[in-house]
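Okay, structure first, notes after.
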Amino acid sequence: MRLDRFLSELNIGTRSQVKSALRQGLVTVNGLTERDAGRRIDELSDRVCFQGRSLHYRKFVYYMLNKPAGVVSATRDNTAETVVSLLGEDALRDIFPVGRLDKDTTGLLLLTNDGELSHRLLSPKRHVDKVYRVTIEHPLSEEEKTGLEQGVDIMEESHSMEEGHSHAGACPGEAVWHTLPARVEILSDREILLTIHEGKFHQVKRMLRAVGNRVLALERVGFGGLVLDQGLKPGEYRELTEQEVDSLHEA
Ligand code: URA
């Protein structure tokens, strides 16, 4: 890979800052000062230093974001701020959100450039856990709780991320989903912890509606073994630890 690309992928600076650093002789390759931005290096075996600090190339990066409300889970949007723009300069490397949270949903969102891991985590076959703290309109009745625990029928909508299947009682051409059994923990009169294993469009809101309740606020606190870092304020993010990345691979 080109040396200037290597340096900008490691967030040494913008392209012009990288060029300037090279001109100033701040970069060495295998112990020798290198000023040529187009020099080709082997990112895994060549030893590159910036201001005497050794740089280690990582192909993939993983960030945990505490998504604030009002931001869309996309890489680009014409009108609203996106989760990727919250990463600032760390967003340099083809980073995208793994799945989507609604604009008004807050909490744990994983961002990465690892397409294969993302694909696995979102695969409908894998049933990766998603844990939501849900503020509800009225206290959950026993019947509503049982409904969520046993699974409810929800109508397929065009934005669904998974495929639907026809169900007795559905109109021709319409599809109904019976959600997988969810785990429900009552936190207070108006708050529950809901663990689901699918990721369909507006799933939690639609599940609560299906049992006769309503979501007033939604925060994701867990995803595939990851737990939202309570030290992250809305809009803040951090890199995942190695252990957290491992836990995602095992999810
Ligand atoms: N379910 C929803 O309804 N919305 C989300 O953002 C995530 C899950």
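Count residues from 1 along the sequence. Just follow the structure's listing: the first ligand is 1, and inside any ligand the first atom is 1.
Gln243 and Ser247 share no side-chain donor-acceptor pair at under 3.5 Å.
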Please set out all donor-acceptor pairs under 3.5 angstrom arising from side-chain atoms of residues 225-234, sequence neighbours excluded.
| unit_1 | atom_1 | unit_2 | atom_2 | d |
| --- | --- | --- | --- | --- |
| Asp229 | OD1 | Gly231 | N | 2.7 |
| Asp229 | OD2 | Arg238 | NE | 2.7 |
| Asp229 | OD2 | Arg238 | NH2 | 3.4 |

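Nearest non-hydrogen protein atom to atom 7 (C) of ligand 1 is Tyr132 OH, 3.4 Å. The protein non-hydrogen atom at the shortest distance from atom 1 (N) of ligand 1 is Val204 N, 3.0 Å.
For His138, the NE2 atom is densely surrounded, since the number of other residues' heavy atoms within 6.0 Å is greater than 12.
Note on Asp77 versus Lys103: no salt bridge recorded, every NZ/NE/NH1/NH2 to OD/OE distance being 4.0 Å or above.
Of the heavy atoms in Val215, none comes closer than 4.0 Å to ligand 1.
Close contacts between ligand 1 and Thr105 involve ligand atoms 4 (N), 5 (C), 6 (O) [criterion: under 4.0 Å to a heavy atom].
With Arg190 contributing its side chain and Glu137 its backbone, the two residues share a donor-acceptor pair below 3.5 Å.
In terms of polar-atom proximity, Lys200 is not counted as a contact of ligand 1, lacking any N or O under 3.5 Å from an N or O of the ligand.
When Asp102, Leu194, Asp104, Leu101 are ranked by how near their heavy atoms come to atom 4 (N) of ligand 1, first place goes to Asp102.
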